[in-house]
Number of protein chains: 2
Amino acid sequence: MSETDENKAVRERVTIRTVAAHAGVSVAAVSKVLRNAYGVSEALRGRVETSIDTLNYRPSRTARGLRGSTFTIGLLLVDIRNPFLPEVIDGVNGVLAPSNYRAMIGVSEAKIQLETSLIESMIDYKMDGLILVAPRLPSEIISRFAEQIPIVAVGYHDPTAENFDTVNCDDQQGAALAVQAFIERGYRRISMLTLGSREGHRVSVVRQREIGYREAMETAGFAAEVDIHSVPVFSPDREDSIRAFLRRPDRPEAVFCWSDLDAVTLLNLAAEMEIRIPEDLTVIGYDNSPVAALSLINLSSIDQSGRALGVLAIETLLSRIDGRKQPLSLTNAPSFIARGSSLNGATPSNYR
Amino acid sequence: MSETDENKAVRERVTIRTVAAHAGVSVAAVSKVLRNAYGVSEALRGRVETSIDTLNYRPSRTARGLRGSTFTIGLLLVDIRNPFLPEVIDGVNGVLAPSNYRAMIGVSEAKIQLETSLIESMIDYKMDGLILVAPRLPSEIISRFAEQIPIVAVGYHDPTAENFDTVNCDDQQGAALAVQAFIERGYRRISMLTLGSREGHRVSVVRQREIGYREAMETAGFAAEVDIHSVPVFSPDREDSIRAFLRRPDRPEAVFCWSDLDAVTLLNLAAEMEIRIPEDLTVIGYDNSPVAALSLINLSSIDQSGRALGVLAIETLLSRIDGRKQPLSLTNAPSFIARGSSLNGATPSNYR
DNA sequence: TAAAAAATGTAGAACGTTATACATAGACCG
DNA sequence: CGGTCTATGTATAACGTTCTACATTTTTTA
């Protein structure tokens, strides 16, 4: 080939036909090599693989999607600012990196219609499977989608799911850890800050953490002290609600926040209002986010190891893609990370 | 249809053939309606649209990808923890939401090979165009990809790009704003904390911010005070390097950080080392991230409006997908957000 | 050694949509 | 009214790969 022909070859996409002609075999033979299908000699396999490397051939995912697999995992995130999520993505990507699979992420911004539309788009794109992280959809809807595509839901407590899998941290236990940590430090008036808008849905991590808080308080004999303050989802009502909580004349001595996101907001509003942490109010969050660990924030938090959940979710999904039909419901244990926001009897300088 | 037949119809995917049969027209007519192509009567259009709605038909993106458009935008992020990125995504999704387009995100974790592999995957998936956010790839590689697919690069200063577009905040001006803010407050010994590993690449926002810092210092007559401290990319070397900077006997009185990420780390390490901010060291970051605005962090920062950049990027990409060939190089202006970390002569309580 | 079984490679249809050529009907003009 | 032009709808191939049927070759068995 002259230089001009070589440039032309580089610019036009190499297809399976190009490879077949280069290797001197049929298109179906190349396909068999690609799919690692039965009925290919080592000699022919070698010739085809050499041609693939020489020509830098990459299969078209869209063409594959018409009949076979795209080797693509869809990952649906509801709120990209949730500090848990980078860990989950790290876990998923770590498992996929050595393989032919790639994860493609859709962000639905806590909007149900966009959440549904993104799932549909991923199905229309013939992705091989989906991981839904803290989905807002009811179980019946997810189940309907799961008839069309393998699904694993993370941060979604539906142990009765029959055609999709769930992977969770034990959120009841996590909340109980927080309550126990308060009680061990002598606190009795312990409230919980929760996220509103979804009353009664036990599948949601928020509800599970409420249940855990409530049961731990009752177990400890403080049923009369149970107090759950519900925060709206969207700003600025969210910050206003936390501010109102802090202003209560009957403000408790300790508060468990459903998430570091709101716990950090609460810490900052408390600082503005000259409420001392932990002297006037003791705080434990949830997620063990990077922000919680900053010395200037110094927030105690429940760790749910997003990375491990991501690894577990992708492994579970790959096994479902491989053909497993039996539903799995997997649960990791949380742990308590103590920091300055929940130290007992600390002075202001210790908190800083 | 009996109930059994109805259930069966629900479960099988509706294709364009189903719609054509339902509407009593040809497959090609339905395709023309879908593509809004010339040569369709209003009567036929009405019939087809009714059938589409009745049957809840959604086209297959993989089939469309073989010949037409998938109505999918690929968004490549190098580091999902960069606080700038949720804003960019919000901007992009906001523009796409009312349309048939959807954004799918790939996360490359600052790994060049994964970055390349994800771009290739997006091309193999026949996405209609790509937005690369702070890509690490050299310009020639991006240009080669841009021969295959429309590309807009955000946070990538290559004004000579001929076959792809760039959308940036003016990073030199942003750094100059920070230097000027210090000088207005009387500071002369002003250092810069930058990110290492990519010496000399002017396309990188880091290098642009260095240039802006250096020129602003020279313009102000403080060329002899120019001091750039380079931080490694990966932990824990990154934190160690910032700690070493803080420990310098000749530590400056003011420091401009290339990004809020490292500025916040610096603030926290300073707190641990009992270096008072802003009395002992004045700090300005870059990105105006949500963490910077927390009262307990209170970091002055250069705002580059990620959301506006996202909007501009997606609008630019859509115009390129529509056929524009002329390259665009668009630049937004930054602004300075003053907070406690750079207040002049403030007392510790003011900083808090 | 002949028959049976297993392995190999190919031909061709399928997958779901788009794009184009063109036959035909309808509208317009002289 | 006949010829020309325009609009409409359809037939069909293309896109790039997978899957299956089956002809042929090779290997195994009795």
Side-chain angles (χ1 to χ4, degrees), chain A residues 12-49 51-52 55-72 100 120-121 123-128 148-149 321, chain B residues 12-49 51-52 55-72 100 120-121 123-128 148-149 321:
Chain A
E12 297 191 351
R13 182 164 185 107
V14 178
T15 69
I16 199 168
R17 290 181 210 174
T18 327
V19 175
H22 189 267
V25 300
S26 72
V27 163
V30 179
S31 178
K32 275 188 170 179
V33 172
L34 290 173
R35 289 177 287 123
N36 208 26
Y38 179 79
V40 176
S41 68
E42 288 308 306
L44 186 142
R45 177 181 302 276
R47 287 209 313 279
V48 169
E49 285 173 349
S51 292
I52 286 169
L55 299 173
N56 263 302
Y57 166 70
R58 292 191 324 266
S60 160
R61 283 174 197 245
T62 49
R64 286 184 145 189
L66 280 195
R67 201 74 194 273
S69 306
T70 56
F71 295 99
T72 304
N100 201 21
E120 286 170 347
S121 295
I123 292 174
D124 297 343
Y125 231 155
K126 287 296 175 70
M127 291 185 184
D128 298 316
Q148 301 170 56
I149 189 169
I321 290 169
Chain B
E12 299 193 345
R13 184 167 183 109
V14 178
T15 70
I16 199 168
R17 289 181 210 176
T18 327
V19 175
H22 190 266
V25 299
S26 72
V27 163
V30 179
S31 179
K32 275 189 172 180
V33 173
L34 289 174
R35 290 177 284 126
N36 208 26
Y38 179 76
V40 176
S41 68
E42 288 310 307
L44 187 140
R45 177 180 302 276
R47 289 209 313 280
V48 168
E49 286 173 347
S51 293
I52 286 171
L55 298 174
N56 263 301
Y57 166 71
R58 295 193 322 268
S60 160
R61 284 176 196 244
T62 51
R64 282 183 151 194
L66 281 195
R67 201 70 196 275
S69 305
T70 57
F71 295 100
T72 304
N100 199 22
E120 286 171 348
S121 295
I123 292 173
D124 298 342
Y125 231 155
K126 286 297 173 72
M127 292 184 183
D128 298 317
Q148 301 170 57
I149 189 169
I321 290 169

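Quick caveat, the model's predicted, so the values are computed rather than measured. Order of the sequence lines sets the chain letters (A, B, ...), proteins ahead of strands, with each chain counted from 1.
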Of the listed nucleotides (C:dT10, D:dT8, C:dA7), which one gets closest to any side-chain atom of B:Ser41?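 Within the option list, the nearest is D:dT8.
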When you measure from the side chain of B:Val40, which nucleotide among D:dT10, C:dT8, D:dG9 comes out closest?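 Output: D:dG9.
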So for the helix from C:dT1-D:dA30 to C:dG30-D:dC1, with five pairs setting each end axis, what is the inter-axis angle to 10°? 30°
Would you confirm whether [X], through its side chain, and [Y], through its main-chain N or O, come within 3.5 Å as a donor-acceptor pair?
{"X": "B:Thr15", "Y": "B:Arg17", "value": "yes"}
{"X": "A:Tyr125", "Y": "B:Tyr125", "value": "yes"}
{"X": "A:Thr70", "Y": "A:Lys126", "value": "yes"}

Protein-nucleotide distance ([X], atom [atom1]; [N], atom [atom2]), rounded to Å:
{"X": "A:Leu44", "N": "D:dT26", "atom1": "CG", "atom2": "C1'", "result": "15 Å"}
{"X": "A:Arg61", "N": "D:dT18", "atom1": "CZ", "atom2": "C1'", "result": "16 Å"}
{"X": "B:Glu42", "N": "D:dA7", "atom1": "CD", "atom2": "P", "result": "14 Å"}
{"X": "B:Asp124", "N": "D:dC15", "atom1": "CG", "atom2": "C1'", "result": "15 Å"}

For nucleotides 14-22 of chain C, just jot down a letter per nucleotide in 5' to 3' order: B, S or -, based on protein non-hydrogen atoms under 4.0 Å. BBBBBB---
Given the rule in the salt bridge (charged side-chain N to carboxylate O under 4.0 Å, His left out) test, do A:Arg13 and B:Asp124 qualify, once you have shown the distances and angles that lead to the verdict? CA-CA 10 Å; A:Arg13 182 164 185 107; B:Asp124 298 342; 2.8 Å; yes
If we count only N and O atoms by modelled type, under 3.5 Å, do the side chains of B:Arg64 and B:Ser60 hold a donor and an acceptor together?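 Short answer, no.
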Any donor-acceptor N or O pair under 3.5 Å, side chains B:Arg47, B:Ser51: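 The criterion, which ignores hydrogens and geometry beyond distance, is not satisfied for B:Ser51 and B:Arg47.
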Intermediate values then yes/no, side-chain contact (heavy atoms from CB on, under 4.5 Å), B:Val19 and B:Val14: CA-CA 7 Å; B:Val19 175; B:Val14 178; 4.2 Å; yes
